[in-house]
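Each chain gets a letter, A, B and so on, in the order the sequences are listed, and its residues count up from 1.
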Amino acid sequence: MAMELRDIGPPDYKKFLHPVILKNYGKWVKHENVRPGVIKHISETGDVVFTVRAGIPKFISSDGVRFLCDLADKYCDGYLRFTMRHNIEFIVVKEENVEKLIKELEDAGYPVGGTEHSLKAIINCVGYVHCNMAATDSPSIAKALYEALYDYFKKTDLPERIKIAVSGCLNMCGATNASDIAIIGMHTKPPKVIDEIVHAQCSPIDLVKICPTYAIKPKKVKKNGKMIDSVSIDEEKCMYCGNCYAVCPGLPIHDPENDGVSIWVGGKASMTKQGLMESRLLVPFIPNHPPKWEKIVEIVKKIIDVYIENAMPDERLGEMIERIGWEKFFELVDVPFTYQHIDDFVFAYRDYRKGISFRFTKHVK
Amino acid sequence: MAMELRDIGPPDYKKFLHPVILKNYGKWVKHENVRPGVIKHISETGDVVFTVRAGIPKFISSDGVRFLCDLADKYCDGYLRFTMRHNIEFIVVKEENVEKLIKELEDAGYPVGGTEHSLKAIINCVGYVHCNMAATDSPSIAKALYEALYDYFKKTDLPERIKIAVSGCLNMCGATNASDIAIIGMHTKPPKVIDEIVHAQCSPIDLVKICPTYAIKPKKVKKNGKMIDSVSIDEEKCMYCGNCYAVCPGLPIHDPENDGVSIWVGGKASMTKQGLMESRLLVPFIPNHPPKWEKIVEIVKKIIDVYIENAMPDERLGEMIERIGWEKFFELVDVPFTYQHIDDFVFAYRDYRKGISFRFTKHVK
Amino acid sequence: MTSILDELKKGRWPSFVKELEKTGDERIVKYYEKCLKDKKPYFGHGGIVGVTGYEAGVIGRVAVGEAAKILPEFHLFRILPPAGYFYTTDVLRKICDWVDKWGCKLLNFHGATYNLQAFGIPRDKLDPAFEELAKIGFDLGGSGPDVRTAACCMGPALCEWALIDTLDIYTTLMKEYIFDIHRPRFPYKFKIKISGCPNDCTASGARSDLAVIGIWRDDIKIDEDALKKYKDEELEMVAKRCPSGAITYKNGKFEINNDACTRCMYCINVLHDALKPGDDRGASILIGARARGRYGAFLAWVLVPFMKLEPPYKELKELIDKILDWWDEHGNPKERVGETIYRIGFGKFLKDIGIEPKPQMVYRPRSNPFWKYF
Amino acid sequence: MTSILDELKKGRWPSFVKELEKTGDERIVKYYEKCLKDKKPYFGHGGIVGVTGYEAGVIGRVAVGEAAKILPEFHLFRILPPAGYFYTTDVLRKICDWVDKWGCKLLNFHGATYNLQAFGIPRDKLDPAFEELAKIGFDLGGSGPDVRTAACCMGPALCEWALIDTLDIYTTLMKEYIFDIHRPRFPYKFKIKISGCPNDCTASGARSDLAVIGIWRDDIKIDEDALKKYKDEELEMVAKRCPSGAITYKNGKFEINNDACTRCMYCINVLHDALKPGDDRGASILIGARARGRYGAFLAWVLVPFMKLEPPYKELKELIDKILDWWDEHGNPKERVGETIYRIGFGKFLKDIGIEPKPQMVYRPRSNPFWKYF
Ligand code: SRM
Ligand code: SRM
Ligand code: SRM
Ligand code: SRM
Ligand code: SF4
Ligand code: SF4
Ligand code: SF4
Ligand code: SF4
Ligand code: SF4
Ligand code: SF4
Ligand code: SF4
Ligand code: SF4
């Protein structure tokens with residue numbers, strides 16, 4: 001095989017930029033939100049480009065892609081892009097093409113929207129479709145949420161944008177750690193130890209190093225008459241992270257009865273206003289309930305209702321919660337506050353409420 | 001000896017309350033700042049009590065106390081108290097006695113003041129006078145600061161109060177951890193190990209447990225031909241806290257060349273406004289320089305000047321710094337920012353500046 | 001006297017060195033002078049000094065090395081003070097006479113933990129000295145790994161803001177735990193501080209293992225007439241700087257959203273003629289402060305958002321008992337209770353002592369997914 | 001198809017299950033259905049799969065247990081995408097043809113690290129598939145403990161706020177580190193994300209080991225005429241909510257104290273016709289984010305407050321080299337760079353890589369007295 005084809009790096013992006021974009025590269029001075037899903041970019045040269053944003057599925061067949069290419073050929077001189085939230089964006093230079101393109105997209109079932117203060121595309125990881133770690137199935141959860149929240153994607157009248165992300169496990173592929181609403185798959189039982197596989201395929205010493213809570217210890221065990229190396233797991237210490245299973249198939253952690261999801265709120269990744277905010281735990285555990293995920297949908301809808309009712313203009317969910325206080329938010333969404341909500345990990349001290357700056361809620365009798 | 005005199009507990013406070021106080025206990029409705037050092041307490045019954053606050057030395061001779069008692073007998077019906085910052089407060093019921101008392105106090109060298117927005121009494125620990133731990137001498141530092149800042153104690157025109165505390169070592173006896181300005185004695189070299197004393201008087205295992213940075217390990221060492229138990233100190237890990245010396249005389253840490261003081265700012269212990277604030281490092285090290293402590297005095301004066309110039313009304317030093325930003329404050333007081341200012345202990349992550357919310361100062365070229 | 005001490009006798013602020021001299025006891029003056037010159041203290045560990053039957057309350061000091069001859073011993077008594085630090089001259093004079101007789105005529109009103117400190121009682125006079133002190137009506141305070149002498153503000157004795165009876169609570173608790181004050185048996189010291197209101201004049205939030213802080217639960221009381229006397233700018237400033245955003249001041253109308261208020265006292269402090277705390281009063285109980293700990297400094301955090309506090313303070317005592325028992329069982333040596341809780345987990349601690357978790361206990365819920373389902 | 005998948009084919013949002021079906025490859029559909037029914041994935045560790053000469057870029061999957069027969073293998077290619085994720089239909093069609101030939105006709109635009117993902121390439125076709133991909137002009141991205149595929153926003157290609165050339169920086173860095181992308185040798189993954197301005201549309205602050213964020217250093221530019229078109233309430237709101245308190249709006253005058261501004265973009269975003277970032281442009285470099293780490297989640301923090309960024313980006317590359325070398329030397333296995341820095345000490349790290357400490361790197365200086373004098 002030709003080694004000169006190794007390490008060529010990414011293709012030259014300039015080849016893929018519409019000539020109007022190339023000409024106005026770095027010269028944009030203004031944008032206008034023409035309608036949901038459509039942004040008009042205006043250059044200092046007077047040139048104009050419209051981007052038309054549509055939702056696409058996480059997994060797309062080559063025929064699906066070809067269909068989108070057909071549209072881009074018809075209305076975009078063959079140029080398109082994908083966004084940081086995995087939407088497709090059509091590059092339209094002729095204004096009259098905008099509505100035509102939208103019509104074709106909508107007719108084919110691709111919703112146009114997701115700009116300004118709308119529900120943005122729901123980021124989700126591969127889940128059961130390609131991952132060995134998944135404690136829950138993110139793609140189907142995202143689908144269930146999309147159905148319930150569809151209209152919010154197409155309108156722009158939320159107080160601010162809402163970003164939802166779904167990760168199949170606490171590896172948090174995607175930006176679940178800083179999303180307005182995050183759904184994260186959770187195990188709730190330690191891995192089982194299959195000594196033979198650990199012995200045959202894994203390194204006990206590496207396992208000891210990898211466990212964040214020091215729950216793994218090397219052990220010797222008798223199997224078929226001879227002593228073999230394996231590990232033991234301290235069930236008191238294990239926090240079900242799956243790190244060990246990721247490197248060692250002898251420690252299976254999947255458990256249909258006890259795997260499920262947690263719901264997190266209030267994260268935000270941009271530097272605006274008070275800056276970065278982490279997602280915080282709202283619901284520690286709901287057992288897996290595909291394919292409709294009714295319970296998740298119900299709670300997310302409730303969160304959004306509370307958000308719409310209580311947020312000030314331009315206020316993200318997390319900003320609103322910080323303003324009214326987490327204790328009030330728990331009261332409003334009516335979710336129980338439990339032991340799991342209180343951090344007990346390395347930086348736990350950071351979140352203890354120093355002083356008395358709290359509000360009274362029904363939690364205080 | 002009579003065991004019935006054991007465990008009697010504190011005396012009954014009611015015996016020591018002025019009859020007017022007893023009568024109006026819990027009935028106060030208003031206070032007025034009559035003049036610096038004097039507060040008029042007004043009861044719902046119409047009764048009135050004046051408290052006259054004066055500075056006294058940390059160590060006071062019995063004759064000194066007797067003199068103050070004489071004044072209390074003359075003007076206060078024999079009633080007085082001490083405050084949470086170790087000032088004396090005279091309980092005056094007859095208004096005409098207030099000025100007379102003040103005159104006698106001032107004539108005898110006891111400054112009246114320390115109320116409202118003034119410099120409050122400087123809290124300081126016993127230092128060399130009674131402590132074995134002292135890395136610096138707090139009483140003489142407090143004295144030097146009092147001389148330089150005397151007028152601020154007697155006036156009430158600061159933006160808000162200023163509270164200074166001095167601790168002879170990082171045990172921080174007193175509220176140095178939450179003071180507007182704190183001076184803390186610091187060692188900068190690990191203790192020396194005197195094996196014989198460690199062996200004879202200390203428990204190596206206890207020492208290992210006590211060291212916060214896990215710098216102490218047990219060791220065996222040959223002395224006079226026989227093996228004895230002692231400890232070794234990892235100089236890379238030791239942070240000179242003195243914990244080990246506190247329990248073991250075989251690990252002396254005092255070092256006239258390398259002991260000194262650090263200066264901290266921005267703490268606040270009350271729950272008001274943004275609540276509790278920790279003192280933060282401003283100057284990591286100044287060698288000990290008794291008895292005038294010129295360098296400390298110079299920096300503290302500079303801090304106060306910057307405070308007076310930049311604070312809004314009712315704003316504590318720490319509140320001001322948080323508003324303008326620590327980077328600006330370092331620029332204004334013109335103190336170098338060094339490696340020691342960056343936390344590297346357990347909660348260090350908390351203080352890293354997440355995101356880009358900083359101001360430009362001369363530090364950024 | 002030499003110049004190094006002369007410097008400290010000069011100036012306008014009353015000089016502690018002059019006071020040392022006034023005791024007429026040259027030893028401490030000379031010792032102190034030597035320390036200043038050599039830039040180090042010469043005290044060694046005092047060894048075990050104490051009063052028969054007690055294992056706390058006396059801090060032993062013996063000078064070692066070059067200073068051993070100057071000040072062979074210099075022990076002190078930590079004396080449990082009266083609540084609120086009120087004294088009559090009568091009792092103070094008795095204390096003066098007592099320290100003249102048994103000690104070196106030197107006192108400190110008070111130490112940073114608010115014990116009355118009496119210096120220079122020789123080892124062989126500790127017992128008789130204590131006996132005579134007890135006859136004046138005073139007992140020793142804490143030292144070592146025990147329940148320490150608590151602190152309380154002047155509260156209802158003199159302060160209009162007092163929301164709980166700090167003096168009575170102090171006295172009750174000190175009596176309740178007097179055995180544990182004198183007999184160290186815990187992992188480390190345990191300090192209680194009691195403030196009448198959120199101004200927290202005992203700095204309890206910064207330096208006590210258990211902070212009891214008076215708060216109210218209902219609405220702030222507004223005297224509209226008195227409010228009118230404040231200037232526009234003042235009202236505007238207060239509204240702008242209320243940390244919870246609870247205050248609006250528009251078109252001459254000053255309004256407080258008591259639901260949002262976090263009872264920081266700021267508006268009340270500034271507009272003190274017009275605003276008063278509500279009538280539904282009690283305390284917040286905070287836990288875990290330590291000036292300088294194994295993990296850095298700890299400030300106190302919410303354990304019980306609200307507790308009614310009426311004599312005999314049964315609920316409070318039960319809470320303290322539970323905390324002390326738990327800590328006694330789980331704490332490592334030299335570990336303050338807040339650190340034990342942090343190490344083992346705040347949630348676990350709550351579960352163990354039977355307190356329901358509440359969102360008031362944390363600023364915000366956890367951000368990491370590593371937890372136990374206990 | 002059975003009801004569990006039927007449910008996921010219904011509704012208004014385009015269905016990924018329909019797309020799985022459209023591939024015509026029944027295996028993945030059946031496998032997925034089984035997982036949903038049994039509530040667990042059946043993939044085992046794919047073993048070592050890859051392209052000759054590379055040790056990264058292919059994620060291997062083999063189903064095990066009951067599902068082993070349904071989907072014996074299901075590997076995917078992570079393909080390094082073009083900067084800004086712009087494509088022509090021409091090149092997309094080539095990719096479609098390519099995946100039809102070598103894979104299972106399934107793509108993902110893009111993975112969460114912004115690789116273009118192509119599914120179902122069988123183990124024995126990895127090498128020829130790669131060769132043909134390279135001929136279309138594409139290379140593989142990262143996986144494992146290597147420099148990962150970076151991300152960048154559309155920046156100057158379409159966005160008026162772009163303060164740095166995100167697309168060019170991305171392409172330059174990917175070329176510079178292409179060897180390290182394909183050959184894992186670090187303690188763990190290393191992700192770079194490049195945002196044109198503080199809006200941070202790559203979420204770099206939340207999930208990249210190294211964040212490059214465009215900022216300006218001089219004053220915000222105000223177009224007074226355009227400003228007049230905004231409503232009073234809007235200007236008032238922006239002034240009130242500016243996080244640094246830099247804006248005053250009084251008597252119709254809107255003023256920015258640029259000295260106080262922390263460049264959060266909020267006023268600019270809202271009043272976008274009137275306000276523009278200044279002209280002295282460069283980037284802030286942040287370090288250390290990790291979505292879920294050994295110590296909890298880490299967000300990125302300031303390493304270099306300001307760096308000018310002009311091609312060939314020498315200073316930036318030197319910085320990255322120094323970071324990678326230091327981390328390579330000090331990092332433990334599975335430890336992201338931010339965690340190594342936290343464990344060893346941020347100050348020590350700065351000293352080692354030769355960067356002066358600056359107050360901009362921390363919110364505030366330390367509050368504990370435990371430090372080293374290195
Ligand atoms: C197209 C895209 C960049 C790209 O290269 O792909 C983009 C484009 C724009 N972003 Fe963004 N952002 C994009 C992902 C993000 C992300 C990342 C993400 O969502 O995962 C963030 C940070 C994450 C977050 O918000 O927590 C992000 C935070 C912002 C913000 C700050 C929002 C805030 O909370 O204050 C703005 C400013 C604003 O809109 O006021 C912004 C503003 C904009 C503007 C208005 C910039 C401009 O002048 O054109 C663009 C149109 C936004 C809109 O949707 O109405 N963009 N933007 C990304 C669209 C993703 C999508 O399909 O929805
Ligand atoms: C495919 C993808 C999710 C997706 O559906 O888009 C993904 C999939 C996996 N991630 Fe991820 N991660 C993906 C983006 C991310 C991101 C997002 C990002 O890069 O911005 C994160 C969070 C950011 C971060 O790095 O902190 C992320 C954090 C993790 C972690 C946790 C890392 C950590 O520091 O703790 C792991 C666990 C690990 O590395 O062992 C992980 C591990 C994995 C593995 C390799 C699981 C494993 O150990 O076998 C998954 C392979 C799934 C598969 O079979 O294909 N993935 N992963 C994303 C990569 C596609 C791409 O290259 O474009
Ligand atoms: C007498 C004393 C209580 C006692 O029982 O001894 C006391 C008495 C009063 N305090 Fe205090 N505070 C006393 C120590 C404290 C402390 C503890 C300390 O200083 O170590 C604090 C918390 C520490 C801190 O401030 O960081 C404290 C924080 C306050 C505050 C909140 C200040 C703030 O930053 O917002 C107020 C409210 C105010 O003054 O506006 C306050 C208010 C008051 C008032 C006005 C209450 C009243 O209505 O009478 C009293 C007169 C204050 C004055 O000095 O003008 N008191 N006060 C203490 C006097 C010490 C001294 O001699 O200077
Ligand atoms: C006398 C006093 C300072 C003063 O001049 O007023 C004092 C003096 C000593 N303190 Fe303290 N502490 C004194 C109040 C405090 C305070 C303030 C408070 O209680 O509010 C603190 C900070 C609050 C706190 O507890 O966190 C304090 C934190 C310490 C510490 C650090 C404790 C920790 O948790 O890390 C130590 C070290 C130790 O316990 O080993 C300590 C240890 C000591 C020792 C016993 C040093 C030793 O190990 O031999 C000192 C004896 C000095 C002596 O020879 O008399 N002292 N100490 C205060 C007690 C007098 C009294 O009882 O009224
Ligand atoms: S979040 Fe978990 S389940 Fe999802 S892709 Fe990442 S590792 Fe797999
Ligand atoms: S699941 Fe995580 S915490 Fe539990 S043993 Fe494995 S690595 Fe350790
Ligand atoms: S702070 Fe240090 S020097 Fe001062 S009394 Fe406490 S232990 Fe002694
Ligand atoms: S001084 Fe402190 S850090 Fe150093 S060895 Fe002793 S106990 Fe450990
Ligand atoms: S804490 Fe409150 S009640 Fe006690 S003295 Fe201070 S202001 Fe008064
Ligand atoms: S007490 Fe504090 S929080 Fe409550 S209204 Fe007044 S200023 Fe605001
Ligand atoms: S980060 Fe800034 S420059 Fe990049 S797309 Fe977002 S708004 Fe535009
Ligand atoms: S950019 Fe942000 S911080 Fe700066 S003036 Fe505008 S709103 Fe304020």
*Distance from K358(D) atom NZ to K365(B) atom NZ, nearest 0.5 Å?*
6.5 Å
_Are the side chains of P369(D) and M172(B) in contact, using a 4.5 Å heavy-atom criterion?_
yes
*How far apart are the closest heavy atoms of I341(D) and Y352(B), and which atoms are they?*
O-OH, 4.5 Å
*asked:* Using modelled atom types and a 3.5 Å cut-off, is there a donor and acceptor pairing between side-chain atoms of Y342(D) and backbone atoms of V346(B)?
replied: yes
*Is it true that atom NZ of K240(D) has more than 12 heavy atoms of other residues, nucleotides or ligands lying nearer than 6.0 Å?*
no
*Test I356(B) against every option in T262(D), L286(D), I285(D), D200(D) by the side-chain contact (heavy atoms from CB on, under 4.5 Å) rule and name the one that passes.*
L286(D)
*To the nearest 0.5 Å, what is the distance between CG (L303(D)) and CZ (R353(B))?*
13.5 Å
*Taking all atoms of both residues into account, what is the closest heavy-atom pair of F370(D) and C241(B), and its distance?*
CE2-CB, 3.7 Å
*R263(D) to F358(B), cation-pi by 6.0 Å centre distance and 45° axis angle*: yes
_Closest-packed option against chain D by number of heavy-atom pairs under 4.5 Å, given M239(B), K189(B), E278(B), R280(B)_ = R280(B)
*Is R359(B) reaching over with its side chain to a backbone N or O of A260(D), donor-acceptor style, under 3.5 angstrom?*
yes
*More than 12 heavy atoms of other residues, nucleotides or ligands under 6.0 Å from NZ of K322(D): is that the case?*
yes
*For Y339(B) and I355(D), work out which heavy atoms get closest and say how close.*
OH-O, 3.8 Å
_Contacting moiety of D259(D), where chain B heavy atoms sit under 4.5 Å_ = both
*asked:* Report which part of S204(D) has an atom under 4.5 Å of a heavy atom belonging to chain B: side chain, backbone, both, or neither.
replied: neither
*What part of I215(D) gets closer than 4.5 Å to chain B, counting heavy atoms only: side chain, backbone, both or neither?*
side chain
*Side chain, backbone, both or neither: which part of E331(B) has an atom under 4.5 Å from a heavy atom of chain D?*
neither
*Taking the side chain as C-beta and beyond, is there a heavy-atom pair between F337(B) and P359(D) under 4.5 Å?*
yes
*Report yes or no: does R366(D) contribute a side-chain atom to a donor-acceptor pair with the main-chain N or O of I342(B) at less than 3.5 Å?*
yes
*Taking the side chain as every heavy atom from C-beta outward, state whether S367(D) and R350(B) have any atom pair closer than 4.5 Å.*
yes
*Taking the side chain as every heavy atom from C-beta outward, state whether F346(D) and D351(B) have any pair of such atoms under 4.5 Å apart.*
no
*Interchain contact, F345(B) with chain D, by part (heavy-atom threshold 4.5 Å)*: both
_Donor-acceptor pair, distance only, cut-off 3.5 Å: does the side chain of R323(B) make one with the backbone of G245(D)?_
no
_If you count heavy-atom pairs within less than 4.5 Å of chain B, which of A246(D), G288(D), P305(D), P243(D) leads?_
P305(D)
*For K237(B), is it the side chain, the backbone, both or neither that has a heavy atom under 4.5 Å from a heavy atom of chain D?*
backbone
*Check whether any side-chain heavy atom of F329(B) sits under 4.5 Å from a side-chain heavy atom of R364(D), and report yes or no.*
no
*asked:* So for T361(B), is it side chain, backbone, both, or neither that comes closer than 4.5 Å to the heavy atoms of chain D?
replied: both
_Heavy-atom proximity to chain D below 4.5 Å, by part of S262(B)_ = side chain
*Output field: ring centroids Y295(D)/Y349(B) closer than 6.0 Å*: no
*Any donor-acceptor pair under 3.5 Å linking the side chain of Y363(D) with the backbone of K354(B)?*
yes
_Other residues, nucleotides and ligands only: do more than 12 of their heavy atoms fall within 6.0 Å of NZ on K362(B)?_
yes
*So do the side chains of D344(B) and K348(D) get within less than 4.5 Å of each other, counting heavy atoms only?*
no
*From CZ (F360(B)) to CG (N258(D)), nearest 0.5 Å*: 11.0 Å
_Looking at chain B, which one of G205(D), G345(D), A300(D) has the largest number of heavy-atom pairs inside 4.5 Å, strictly under?_
A300(D)
